[in-house]
Amino acid sequence: MKDFTGYINANRQRFIDELLDFLRIPSVSADSKYKKDVEHAAEWVKKSLLAAGTDKAEIIPTSMHPIVYAEKIIDPKLPTVLAYGHYDVQPPDPLNLWKSPPFEPVIKDGKIYARGSCDDKGQVYMHVKALEVMMKNGGPPCNVKFLIEGEEEVGSVSLGDFVKKNRKKLEADIILISDTEIIANDVPSITVGLRGLTYVEVEVTGPGRDLHSGVYGGAVPNPINILCDMINSLKDKNGHITIPGFYKDVRVVPAKERKELNKAPFSLKKYKSEVGIEDVTGEKGYTTLERTAIRPSLDVNGIWGGYTGEGSKTVIASKAYAKISMRLVPNQDSGKMTALFTKHFKKIAPPSVKVKVTPFHGGEPVLLETNSAGYRAASEAMNTSFGKKPIPTRGGGSIPIVALFKKELGLDSVMLGFGLNSDNIHSPNEHYGVFNYMKGIETITLFYSNFAREVSKVKS
Ligand code: BES
Ligand code: MN
Ligand code: MN
């Protein structure tokens with residue numbers, strides 16, 4: 001088997017410097033004021049793919065943010081790997097909590113600090129560099145396609161349309177994604193499940209205008225108080241979600257599988273100290289690992305209304321709002337859960353207020369096989385690069401396009417991610433270990449060799 005580590009080590013500094021350039025582009029997809037920067041990032045990705053050795057690379061404009069597609073076709077008879085990732089990032093707010101500016105990357109204690117360093121620019125760029133490594137050392141053993149989007153953090157709507165209309169172009173044998181985590185640097189793991197997502201905004205209207213809270217207080221419905229009551233009733237004292245029918249489609253995980261899942265190394269003490277909490281909460285009867293992997297959840301992501309400026313203002317607001325997300329597990333359906341939520345939320349509203357529910361993007365949950373050519377190739381690759389066989393785990397986050405790839409292209413994904421849950425993704429001071437970045441590049445090159453071999457085994 002080829003050994004790429006010499007080339008990787010010799011080019012280490014350049015690989016890091018190039019990533020820092022990528023991280024300087026503030027490609028925030030959620031905020032239209034960054035639209036030009038998002039376009040700039042797409043151009044940057046395209047150029048980097050051409051430089052790494054793809055035959056062609058193109059930018060596909062969409063109604064929101066551009067998609068970058070590139071390919072290196074070695075021989076149509078060889079298997080094809082489609083690498084997917086996203087170049088868009090989450091908004092950097094709250095800015096005052098960053099120790100260094102989010103788009104001025106710095107390396108401290110072996111970690112690259114910048115928005116997007118781990119989620120997902122650093123992990124996307126590992127794939128670009130893995131291609132370069134293979135191109136400079138005899139060429140990849142598979143055909144390679146790249147699909148790098150700019151809307152993952154806002155629901156991948158344009159990419160969903162693109163996939164449906166470009167089945168032929170995206171033909172492949174496997175999808176390879178680095179946008180998830182490993183348990184620890186000395187405990188490699190491969191994500192085989194993701195949760196789905198339903199996301200809604202709710203609006204509760206009380207009086208037709210804001211009122212003096214002394215003149216009217218005690219006699220009129222306060223939409224903020226009422227919204228809080230309504231939200232509070234969405235879970236019972238056992239942490240069970242109270243929406244009728246919400247658990248009906250939840251796949252019952254067999255005891256054996258739960259036992260396996262709980263074998264993963266996990267320290268509750270470390271978990272609590274890392275997130276800065278005194279204690280964990282959640283659904284009764286499940287461990288913390290289970291609560292974030294095999295059970296659905298419901299969280300308020302933001303809540304506002306009334307006066308939130310400096311000092312005090314005595315007022316009963318006319319309206320109150322909240323953004324609510326529900327993480328879903330197999331076999332819940334995002335559209336169905338949105339409908340159940342909407343019906344229930346309207347039903348629990350007291351007659352004194354009006355309620356509006358606006359659904360946002362969603363995504364379906366995923367559960368992958370471990371006895372597939374793709375999983376075996378990834379597992380073997382990590383075994384070589386980390387010197388330890390990886391554990392299959394399930395991630396609590398969502399990547400909506402994974403279920404869509406399966407549905408529209410009939411393709412399974414391999415989620416070969418290298419982040420750590422302490423990397424602060426979506427949070428101030430996001431970072432990505434240089435170790436993880438370099439290991440990722442190495443592991444991806446190994447994946448290609450293993451996958452070519454695994455597929456030829458299946459075919460012969
Ligand atoms: N890379 C994450 C998803 C992730 C993180 C999966 C960690 C597993 C472990 C992705 O960029 C993300 O944040 N997705 C959003 C999806 C949403 C905006 C549709 C999420 O999970 O909130
Ligand atoms: Mn991501
Ligand atoms: Mn993300």
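All ligand and atom numbering here is 1-based and tracks the order in the structure.
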Student: To 10°, measure the OD1(Asp179)-the Mn ion (ligand 2)-NE2(His86) angle for me.
Tutor: 100°

Student: Among all protein non-hydrogen atoms, which one is nearest to atom 15 (C) of ligand 1, and what is the separation to 0.1 Å?
Tutor: Ser398 O, 3.5 Å

Student: Taking the N/O/S atoms of Asp119 one by one, which is nearest to the Mn ion (ligand 2)?
Tutor: OD1

Student: Parallel, tilted or perpendicular for Phe386 and Phe435, by the 30°/60° rule?
Tutor: perpendicular

Student: So that I know where these two stand, are His240 and Tyr247 an aromatic pair - ring centroids less than 6.0 Å apart?
Tutor: yes

Student: Measure the distances from the heavy atoms of Asp179 to every atom of ligand 1 and state whether one is below 4.0 angstrom.
Tutor: yes

Student: Does Glu153 reach ligand 1 with a nitrogen or oxygen that is under 3.5 Å from one of the ligand's nitrogen or oxygen atoms?
Tutor: yes

Student: Passes side-chain hydrogen bond (donor to acceptor under 3.5 Å, both in side chains), Gln13 versus Asp17? Steps please.
Tutor: CA-CA 6 Å; Gln13 194 54 50; Asp17 290 341; 3.1 Å; yes

Student: Please say whether Gln90 places an N or O atom under 3.5 Å from an N or O atom belonging to ligand 1.
Tutor: no

Student: Could you tell me whether Asn421 approaches ligand 1 through its side chain, its backbone, both or neither, with non-hydrogen atoms closer than 4.0 Å?
Tutor: neither

Student: Going by the order shown, which atoms of ligand 1 are within less than 4.0 Å of some heavy atom of Leu197?
Tutor: 17 (C), 19 (C)

Student: With the side chain counted from C-beta on, respond yes when Ser297 and Met326 share a heavy-atom pair under 4.5 Å apart, and no when they do not.
Tutor: no

Student: Quick one: CD on Glu274 to OG on Ser267, what's the gap to the nearest 0.5 Å?
Tutor: 9.0 Å

Student: What's the verdict on side-chain hydrogen bond (donor to acceptor under 3.5 Å, both in side chains) for Ser178 and His127, showing C-alpha distance, side-chain angles and the deciding distance?
Tutor: CA-CA 8 Å; Ser178 299; His127 287 262; 2.7 Å; yes

Student: Considering distance alone, does some N or O of His361 sit under 3.5 Å from an N or O of ligand 1?
Tutor: no

Student: Step by step, would you call Asn301 with Ser325 a side-chain hydrogen bond (donor to acceptor under 3.5 Å, both in side chains)?
Tutor: CA-CA 7 Å; Asn301 294 247; Ser325 70; 3.0 Å; yes

Student: Below 4.0 Å from ligand 1: does a non-hydrogen atom of Ile425 turn up there or not?
Tutor: yes

Student: Any non-hydrogen side-chain atom of Lys56 less than 4.5 Å from a side-chain atom of Glu71?
Tutor: yes

Student: Hey, does Glu181 come in under 3.5 Å of ligand 1, counting only N/O atoms on both sides?
Tutor: no

Student: Could you tell me whether Asp119 approaches ligand 1 through its side chain, its backbone, both or neither, with non-hydrogen atoms closer than 4.0 Å?
Tutor: side chain

Student: Taking a cutoff of less than 4.0 Å between a non-hydrogen atom of the residue and any ligand atom, is Arg327 in contact with ligand 1?
Tutor: yes

Student: Could you tell me how the ring of Phe103 sits relative to the ring of Tyr34: parallel (under 30°), tilted (30 to 60°) or perpendicular (over 60°)?
Tutor: tilted

Student: Please table the atom pairs, donor to acceptor, closer than 3.5 Å between any side-chain atom in residues 146-166 and protein atoms at least two apart or in another chain.
Tutor:
{"from": "Glu149", "atom 1": "OE1", "to": "Glu151", "atom 2": "N", "distance (Å)": "3.3"}
{"from": "Glu149", "atom 1": "OE1", "to": "Glu152", "atom 2": "N", "distance (Å)": "3.3"}
{"from": "Glu149", "atom 1": "OE1", "to": "Ser156", "atom 2": "OG", "distance (Å)": "3.4"}
{"from": "Glu149", "atom 1": "OE2", "to": "Tyr84", "atom 2": "OH", "distance (Å)": "2.5"}
{"from": "Glu149", "atom 1": "OE2", "to": "Ser156", "atom 2": "OG", "distance (Å)": "2.7"}
{"from": "Glu151", "atom 1": "OE1", "to": "Ser158", "atom 2": "N", "distance (Å)": "3.1"}
{"from": "Glu151", "atom 1": "OE1", "to": "Ser158", "atom 2": "OG", "distance (Å)": "3.1"}
{"from": "Glu151", "atom 1": "OE2", "to": "Thr62", "atom 2": "OG1", "distance (Å)": "3.4"}
{"from": "Glu151", "atom 1": "OE2", "to": "His65", "atom 2": "N", "distance (Å)": "2.9"}
{"from": "Glu151", "atom 1": "OE2", "to": "Ser158", "atom 2": "OG", "distance (Å)": "2.6"}
{"from": "Glu152", "atom 1": "OE1", "to": "His86", "atom 2": "NE2", "distance (Å)": "3.4"}
{"from": "Glu153", "atom 1": "OE1", "to": "Gln90", "atom 2": "NE2", "distance (Å)": "2.8"}
{"from": "Glu153", "atom 1": "OE1", "to": "His426", "atom 2": "NE2", "distance (Å)": "3.3"}
{"from": "Glu153", "atom 1": "OE2", "to": "His426", "atom 2": "NE2", "distance (Å)": "3.4"}
{"from": "Ser158", "atom 1": "OG", "to": "Thr62", "atom 2": "OG1", "distance (Å)": "3.2"}
{"from": "Asn166", "atom 1": "ND2", "to": "Phe162", "atom 2": "O", "distance (Å)": "2.8"}

Student: Mind checking whether Pro400 has a heavy atom under 4.0 Å from ligand 1?
Tutor: yes

Student: Closer than 4.0 Å to some heavy atom of His86 - which atoms of ligand 1 meet that?
Tutor: 11 (O)

Student: Closer than 2.8 Å to the Mn ion (ligand 3): does that hold for any N, O or S atom in Glu153?
Tutor: yes

Student: Heavy atom of His426 under 4.0 Å from ligand 1?
Tutor: yes

Student: Salt-bridged, Arg24 to Asp21, with N to O below 4.0 Å?
Tutor: yes

Student: Between Ser156 and ligand 1, which part of the residue brings a heavy atom under 4.0 Å of the ligand: side chain, backbone, both or neither?
Tutor: neither

Student: Quick one: are Arg394 and Ile294 in side-chain contact, heavy atoms under 4.5 Å?
Tutor: yes

Student: At under 4.0 Å between heavy atoms, which part of Glu152 makes contact with ligand 1: side chain, backbone, both or neither?
Tutor: both

